[in-house]
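Right, one structure below, let's go through it.
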Amino acid sequence: MATPLSPQSGTPQPLKTIAVVGLGTMGTGITEVLAKAGREVIGIDISEAQAASCVATLEARTAHCVERGRLTGQERADALARVRTGTDLAAAADADLVIEVVPESYEIKHQIFRELDGIVRPETILATGTNALSVTRLAADSARPERVLGLHFFNPAPAMKLVEVVSSVLTAPGAVAAVTDLAIELGKEPVAVGDRPGFVADGLLFGYLNQAAAMYESRYASREDIDAAMRLGCGLPMGPLALLDLIGIDTARTVLEAMYAESRDRLHAPAPILKQLSEAGLTGRKAGRGFYTYAAPGSATVVPDALTPAEGGSAVRGREVRSVGVAGSGTMASGIAEVFAKAGYSVVLAARSEEKAQAAKARIGKSLSRSVDKGRLTAEAAAQILDRIAPAGSYDAFAGVDLAVEAIAEDLEVKRQLFAALDKVCKPGAVLATTTSSLPVVACARATSRPQDVIGMHFFNPAPAMKLVEVVRTVLTGDDVHATVREVCAKIRKHAVDCGDRAGFIVNALLFPYLNNAIKMVEEHYASLDDIDAAMKLGGGYPMGPFELLDVVGLDVSLAIEQVLHREFRDPGLAPAPLLEHLVAAGCLGRKTGRGFREYARR
């Protein structure tokens with residue numbers, strides 16, 4: 001685990017003059033950050049055209065800052081005056097710190113570090129901006145390994161707050177302290193990490209991106225549905241395939257190759273499609289085509305191509321749905337009933353007893369009252385919605401419904417018993433749906449005499465707020481049943497994504513291996529809970545860090561999902577982290593018990 005700076009390391013000297021080697025997108029961004037913060041910057045690139053482009057970009061960006069009121073005209077002039085560019089490494093002779101952000105190649109980086117050894121002062125710190133290569137290996141070949149470290153900014157550098165400060169076993173504490181202080185002065189949030197491919201943020205991010213690429217390659221789900229599922233189901237700013245296009249598919253492949261070389265974890269072995277796209281030159285936005293097709297190289301505008309879904313959807317017509325039965329009395333069941341009632345459906349909310357059903361309806365009433373208090377609903381509309389919900393103490397009340405949705409305990413035998421009961425109660429032609437997040441939908445279907453009428457509708461909690469529904473077809477599901485559920489999702493204003501009947505569907509199959517890998521980082525004493533959470537929020541744009549999310553979801557729920565994924569895919573890398581198993585065995589289940597990965601005040 002990363003340790004704080006030692007008091008014995010002394011007060012680091014301020015880094016006033018900084019050379020940036022490599023003036024591509026990242027180098028230009030770092031130069032902008034440094035110049036705005038009052039540092040003298042020496043920008044160096046072997047290409048005169050690239051150096052000129054860096055200056056032009058800085059002029060345009062700082063002019064934009066003046067227009068937006070973020071800089072005064074004088075501050076802009078001063079910042080630009082602090083930057084000088086050239087093509088000769090000798091210009092770094094007076095630098096206190098050199099940051100290289102050249103292409104991810106050991107050969108190129110070694111050559112630069114060897115040349116710098118003969119140019120800079122003995123006390124100058126040499127930082128590599130790599131996110132995939134070994135800092136230790138670069139340091140070992142330097143004449144001053146104690147002064148070499150990693151300084152990993154995130155793109156775009158002016159906007160992203162996270163900076164990973166990477167120490168090797170050779171790095172002097174004083175050097176770490178100096179660049180950490182610099183990062184803070186730049187307005188960044190530094191996270192101290194050790195030397196391993198991907199460090200924290202990319203180490204977790206790229207494994208997830210790789211699995212998304214493999215999921216798409218297997219034709220399990222479309223690129224649009226994979227991306228929509230992760231945006232809407234996890235609150236991520238971008239879907240994984242769109243993000244791979246932004247990062248560069250060739251860059252992602254390089255990072256994954258480095259991670260796999262060290263970990264030998266199959267989750268890090270680059271999906272073959274990454275190699276195929278890279279070698280075809282389809283590297284993402286910068287090439288104008290990757291997983292998606294773009295208006296032009298460098299454009300962010302996606303344009304239709306041969307894989308773009310046709311407008312209008314399926315030619316198959318769904319069945320008419322006027323009334324909906326919701327089975328269950330918990331938070332998910334009441335949330336789903338509220339969603340359907342808001343959309344104008346007549347809803348039967350059935351539980352194992354009349355009391356439980358009434359309690360579930362009362363919970364909906366409180367939810368609607370909160371919406372009224374916030375001005376989202378009128379009191380009259382709330383009353384009409386609540387009137388559409390009829391509580392029942394028996395599933396016999398589902399006799400007339402067109403769609404029955406179960407939201408009971410995540411126990412396969414319990415669900416099978418319910419579906420056998422619904423088979424007897426529900427009228428012919430009624431669609432039967434399960435909201436399971438991890439169990440096989442086909443097992444529920446086989447408990448009935450009409451498996452063609454059974455489908456998965458995986459809502460996300462809280463159902464009234466979350467826009468996503470994973471629509472899960474089994475090999476037995478009828479086309480008209482699938483069409484029915486897609487049409488219903490549109491009417492209840494949910495975004496439906498299609499996927500097959502396998503463990504985790506889309507969201508959980510991609511989310512929980514990422515969470516499991518975060519736990520393994522802590523087990524290996526590589527980084528702290530706080531640093532990992534900060535890295536993913538600041539570096540990956542995640543709304544919650546992995547440990548915050550695990551404690552909210554519940555460690556027991558998380559463990560159960562990871563066990564299902566491991567059983568289904570038989571991949572050793574999916575085996576639940578022992579630390580998670582130990583916490584669950586100890587009854588530390590997260591916020592609901594007051595203690596999980598962190599402790600919480602009991603209410």
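These numbers come from the heavy atoms of this one structure, side chains and all, not from hydrogens, waters or symmetry mates.
For Glu32 and Lys36, the salt-bridge test passes: some basic side-chain N is under 4.0 Å from an acidic carboxylate O. Under 4.0 Å is where a charged nitrogen must lie from a carboxylate oxygen, and between Glu257 and Lys275 no such pair does. Between Lys109 and Glu100, at least one side-chain N (NZ, or NE/NH1/NH2) sits under 4.0 Å from a carboxylate O, which counts as a salt bridge. Salt bridge absent: Asp245 and Arg289 never bring a charged side-chain N and a carboxylate O closer than 4.0 Å. A salt bridge is absent between Arg82 and Glu40: the closest approach of a Lys/Arg side-chain nitrogen to an acidic carboxylate oxygen does not fall below 4.0 angstrom. The existence of a salt bridge linking Lys592 and Asp556 is confirmed by a sub-4.0 Å separation between a basic side-chain nitrogen and an acidic carboxylate oxygen. Residues Glu185 and Arg39 are paired through a salt bridge, judged by an N-O separation under 4.0 Å between the basic side chain and the carboxylate.
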Determine, stepwise, if the pair Lys537 / Glu548 fulfils salt bridge (Lys or Arg N to Asp or Glu O under 4.0 Å). CA-CA 11 Å; Lys537 288 191 290 185; Glu548 291 178 274; 3.0 Å; yes
Pair Tyr514-Tyr542, ring pair (Phe, Tyr, Trp, His ring centres under 6.0 Å): steps then yes or no: CA-CA 12 Å; Tyr514 148 78; Tyr542 282 60; 5.1 Å; yes
Glu562 vs Leu574, side-chain contact (heavy atoms from CB on, under 4.5 Å): CA-CA, chis, key distance, verdict: CA-CA 7 Å; Glu562 289 180 6; Leu574 294 175; over 6 Å; no
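At least one test fails for Arg598 against the ring of Tyr600: distance under 6.0 Å to the centre or angle within 45° of the axis.
Within 6.0 Å of CD in Glu48 there are 12 or fewer heavy atoms belonging to other residues, nucleotides or ligands. For Leu246, the CG atom counts as densely surrounded, since its 6.0 Å shell holds more than 12 non-hydrogen atoms of other residues, nucleotides or ligands.
Contact of the Glu104 side chain with the Thr251 side chain is not registered, since no non-hydrogen atoms from C-beta on lie closer than 4.5 Å. Residues Glu217 and Gln276 meet the side-chain proximity criterion, which asks for heavy atoms closer than 4.5 Å.
Glu115 and Leu89 make their closest contact through OE1-CD1, 3.4 Å (heavy atoms, listed as atom of the first residue, atom of the second, distance). Residues Leu256 and Pro270 come closest through the heavy atom pair CB-CG, 3.7 Å. Taking both residues in full, the closest heavy atoms of Gly129 and Val101 are given as CA-CG1, 4.1 Å, listed atom of the first, atom of the second, then distance.
Using modelled atom types and a 3.5 Å distance limit, the side chains of Thr25 and Asn155 yield no donor-acceptor pair. For the residue pair Asp195 and Thr136, a side-chain donor N or O sits within less than 3.5 Å of a side-chain acceptor on the partner.
Using bins of under 30°, 30° to 60° and over 60° for the plane-to-plane angle, the ring pair Tyr294/Tyr292 lands in the perpendicular bin.
For the atom pair Ile125 CD1 and Leu97 CG, the distance stands at 6.0 Å (nearest 0.5 Å).
A donor-acceptor pair under 3.5 Å links the side-chain atoms of Asp227 to the main chain of Leu241, judged by distance alone. Checked by atom type and distance alone, the side chain of Tyr526 pairs as donor or acceptor with a backbone atom of Gly194 at under 3.5 Å. The backbone N or O of Glu123 sits less than 3.5 Å from a side-chain atom of Arg147, completing a donor-acceptor pair. The backbone N or O of Leu204 lies less than 3.5 Å from no partner atom in the side chain of Asn517, so there is not a single donor-acceptor pair.
Phe512 and Tyr208 have their aromatic ring centers separated by at least 6.0 angstrom.
Results of the side chain to side chain contact (heavy atoms under 4.5 Å, CB included) test with Val102 over Ile112, Ile44, Leu23 single out Ile112 as the only residue that passes.
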